[in-house]
Amino acid sequence: MAAVAFQSVSKVYPDGTLAVSHLTLDVGDGELVVLVGPSGCGKTTALRMVAGLEDVTSGELRIGERVVNRVPSKDRDIAMVFQSYALYPHLTVFENMAFGLRLRRVRVARWRSGCARPLGPRPRGAPHGRKPRALSGGQRQRVAWDARDGSDPAAFLMDEPLSNLDAKLRVQVRSEISRLQAELGVTTIYVTHDQVEAMTMGDRVAVMRRGELQQVAPPQELYDHPVNLFVGGFIGSPAMNLLQGVVARGEQGLELDLGVERLAVPAEVLERRPALAGNVGREVVVGIRPEDVEDAAVVAAARPGATLRGRLALREALGSEIVAHVVADLRPAQADAVRELAEDAGAAEADPTLVARLSPRSRAAEGADVELVVDTCALHFFDPETGLAIET
Ligand code: ATP
């Protein structure tokens, strides 16, 4: 097992597409790092460079102590479990194993010889001709272990391994991969576009956008302290609300002018982000996580200047919470990153509704007016031009 290090690695395809730009990222020995980002952000290309399936255009790629830029794929000692752990329900176990290993000819050859005499005990009642649905969780895991070929690779690479699974199996296999990875302590780079997968599996999560690394951090840190608008909007489901506002000086201190509505900025927020004071009179993007908005009717006492009014357009009662879509007099953020996020979500433009995760005790009815309380201590602020968080 070994660390994997990208040092200012770029990839330009022959047609001129810059797929990965100056990627610097250290994946520690035994660590699981998830590469996440919207379609086309370069995560698969980054992974394929580690695998040796794509040349590195510039920069240095190391596996352990060795610079591998010119080392052929078969000599990199990488277990390319591209989609092999995911046991596609429509394939037999044999096909699943062969599918995952097809890219690595040496290992496929070895595995074939091992097929007659399987590596490790073959699960009883789990013939390779059987489909994964017929296998128990433990047996599925064994199959995946077999697919690993029994040897100790320097690193595991996984590219969207769960994408074809139904929701239930996805959760199950996700936790199996996490557990197995932790048990084996094998360095793993895991590519997904699914931020829930990224959050639940990664020791650290690396968010990419347009070939560039945006932020790499443990999941909670990424969630609590996104370095920019893109990361703030991409990580979290439902997504962070991103509104356009102007920082204003009010009677009680700083305020956010959101158009018709105003929110007071608590003193403690200003203490944490003194740079806000330097933004008086300027436009900022205000980020509000859906869970930081509540129905005023179920809140005992709200801070002054922490309420917004709107009309409940859609009420999705999930039992544990109500996801509310509220039409309010607010301006959606105008920034490149926001437009890109909207596009990625399949929307033509930034959504003007405010999404809130309300308590199931809320009686707010669809079509009715609702008063909302915002946890103004949990607001996020971004510069609309650079997209950077206004943090300190
Ligand atoms: P997805 O989730 O859709 O697989 P991704 O984040 O993995 O996306 P890549 O597949 O790495 O992104 O692609 C990054 C960029 O490089 C995209 O613009 C893509 O169109 C382009 N690209 C990928 N492969 C090639 C290729 N062989 N030739 C030219 N451009 C390519």
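Predicted model, so just to flag it, every value in this text is computed and none were measured. When a ligand or atom number is given, it counts from 1 through the structure's own listing order. The chain is numbered in sequence order, starting from 1.
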Where is the nearest protein heavy atom to [atom]: which residue, which atom, and how far?
atom: atom 13 (O) of ligand 1; result: Thr45 OG1, 3.8 Å
atom: atom 12 (O) of ligand 1; result: Gly42 N, 3.2 Å
atom: atom 2 (O) of ligand 1; result: Lys43 NZ, 2.8 Å
atom: atom 10 (O) of ligand 1; result: Thr44 CB, 3.8 Å
atom: atom 22 (N) of ligand 1; result: Tyr13 CE1, 3.4 Å
atom: atom 3 (O) of ligand 1; result: Ser39 OG, 2.6 Å

Taking the basic N atoms (NZ, or NE/NH1/NH2) and the acidic carboxylate oxygens, is any pair closer than 4.0 Å for Glu197 and Arg174?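 Arg174 and Glu197: not salt-bridged.
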
Close side-chain approach of [X] to [Y], heavy-atom, < 4.5 Å:
X: Met49; Y: Leu61; result: yes
X: Leu222; Y: Gln215; result: yes
X: Thr307; Y: Val374; result: no

Output the list of atoms in ligand 1 that are nearer than 4.0 Å to some heavy atom of [X], sorted by atom number.
X: Asp15; result: 29 (C), 30 (N)
X: Cys41; result: 5 (P), 6 (O), 12 (O)
X: Ala19; result: 14 (C), 15 (C), 16 (O)

Under 3.5 Å between any N/O of Glu54 and any N/O of ligand 1: does that happen in this structure?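 No; every N/O pair is 3.5 Å or more apart.
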
Cation-pi check, Arg210 onto Phe230 ring (under 6.0 Å, within 45° of axis):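 Not satisfied by the 6.0 Å and 45° rule.
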
What do you think, any protein heavy atom under 4.0 angstrom from atom 20 (O) of ligand 1?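 Not a single protein heavy atom is under 4.0 Å away.
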
Closest candidate by heavy atom, reference atom 17 (C) of ligand 1, pool Pro38, Gly40, Gly211: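 Minimum heavy-atom distance to atom 17 (C) of ligand 1 goes to Gly40.
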
So, does [X] use its side chain to make a donor-acceptor pair with the main chain of [Y] at under 3.5 Å?
X: Arg315; Y: Ala364; result: yes
X: Thr200; Y: Val196; result: yes
X: Thr187; Y: Gly30; result: yes

Can you tell me if His193 has a non-hydrogen atom under 4.0 Å from ligand 1?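 False for this residue.
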
With a 3.5 Å cut-off and no angle check, do the side chains of Glu160 and His193 form a donor-acceptor pair?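 Yes, His193 and Glu160 have a side-chain donor paired with an acceptor closer than 3.5 Å.
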
